[in-house]
Amino acid sequence: MQTRFSVVLILVSFMISCSPQSEKNSQTTSAGDISSKGISVAPFDTLSDGTPVSLYTMTNGKGTTMKVMNYGGIIVSLEVPDRNGNPVDVILGFDSLRAYEKRNPFFGALVGRYGNRIGKAKFVLDGKEYNLVKNNNGNHLHGGTKGFDKVIWKVDEIAAEDGVAIKLSYLSKDMEEGYPGNLNVEVIYTLTADNTVKFDYKATTDKKTIINLTQHTYFNLNGCQRDVLDHEISLNADKFVVVDETLIPTGEIRSVENTPFDFRTPVRIGERINDKDQQIQFGRGYDHCWVINGNGMRVAAEVYEPASGIEMTVMTTEPGVQFYTGNFLDCTLTGKNGVVYKQRMGFCLETEHFPDSPNQKEFPSVVLSPGDTYSSHTSYQFEAH
């Protein structure tokens, strides 16, 4: 696997100026319509409360197809060509909407308001304590009981110079899941001609709040023919965030040198995943945030799967990436095509600010104030060789 950490990257700003949306959820492309730009939309199913859910199919004419729901902004499937040109669905998920609604460990989800964990499910902002839902061992995880992964997003097809794109919009109301401020969120999903999936996040608020958005897709670059332990991964990170037994940061940022967390050169995911290391034992494998070297849009990770020949390069403007190896998958979920998801059947690379940042003064700030705009960019590029 070739690494590109030394390549000098030029970030081209392509943010699309638009007003925050707060109107009732709708979509601009009618069901069954196929646009000339490679986007179609069709009914998917209805939620248990009767709310209809639509499925958007995005194609680039180069062998890549991505399907996205307006429920949770969830990516249902992502087919990319392997080294022989055959399509491989490289993400975990379910065949039915009901399965996503009943018990989804964030497969394919757009996560917010706060991706990752907040210790003891509370934080203080300007002297006021805010209490959040405790949904993960006494802590707060991924936005709460009904985070952004469980809401209906307004979806619009928009123009994109380098491919096809949809814009997802949502108004998160003041004190929703315990978070202050009316938060207008827009996320653009773009599928480019060179088999890159881009995520461009933007948000504004009318009251000081916190925000940490991410994408929680579980990847398996062999199409779930086997687990991900033979995937080779490199991370552009000299340090990682140390956690306690509940996976909340202790405040320590530790060097990866001489630890199982050193992925500065390509390593099999399974090579050290069962090491007798306290941090590994706390997470039952890897479930930690790495501090990405550098600033701006740069490479965070590269993953290669030898059997399919598929390689994925992750780039981001975020300071961290949570590398999670599906440690809590336990054969109780049956996914697409009848595949039973056992432990380490997928991995996540969640680009984000560090977990528990609202309670860690030394970590990069996640505070968003009125008049400011939250902005974040991440991309996944796929190629095969």
Q: Calculate, to the nearest 0.5 Å, the distance between atoms CG and OG1 belonging to Asp162 and Thr196 respectively.
A: 8.5 Å
Q: Could you give me the CA-CA distance, side-chain angles and deciding distance for Lys154 and Asp156, then say whether salt bridge (charged side-chain N to carboxylate O under 4.0 Å, His left out) is met?
A: CA-CA 7 Å; Lys154 178 181 182 291; Asp156 295 290; 2.4 Å; yes
Q: State plainly whether the residues Asp356 and Arg117 are in salt-bridge range, i.e. N to O under 4.0 Å.
A: no
Q. Where does the angle between the aromatic ring planes of Phe261 and Trp290 fall among parallel (under 30°), tilted (30 to 60°) and perpendicular (over 60°)?
A. tilted
(Q) Between His140 and Tyr130, is the ring-ring contact (aromatic ring centres under 6.0 Å, His included) condition met? List the steps. (A) CA-CA 12 Å; His140 180 80; Tyr130 292 91; over 10 Å; no
Q | Sidechain N-carboxylate O distance under 4.0 Å for Arg83, Glu305 | A | no
**Q.** Candidate pair Arg113 and Ser172, rule side chain to side chain donor-acceptor pair (under 3.5 Å), full reasoning
**A.** CA-CA 8 Å; Arg113 289 188 190 194; Ser172 177; 3.0 Å; yes
Q | Heavy-atom side-chain contact between Phe107 and Ile74 under 4.5 Å | A | no
Q: For residues 85-96, pull every pair meeting salt bridge (Lys or Arg N to Asp or Glu O under 4.0 Å), keeping only residues two or more places apart or in separate chains.
A: Asp89-Lys336
Q: Please determine if Asp262 and Arg264 form a salt bridge, counting it only when a charged side-chain N lies under 4.0 Å from a carboxylate O.
A: yes
Q | OG on Ser54 to CG on Asp45, rounded to 0.5 Å | A | 11.0 Å
Q | Geometric cation-pi criterion Arg272 and Phe263, 6.0 Å radius, 45° cone | A | yes
**Q.** His231 and Phe347 aromatic ring geometry - parallel, tilted or perpendicular at 30°/60° bounds
**A.** perpendicular
Q: Mark yes when over 12 heavy atoms from residues, nucleotides or ligands other than Asn295 sit less than 6.0 Å from its CG; otherwise mark no.
A: no
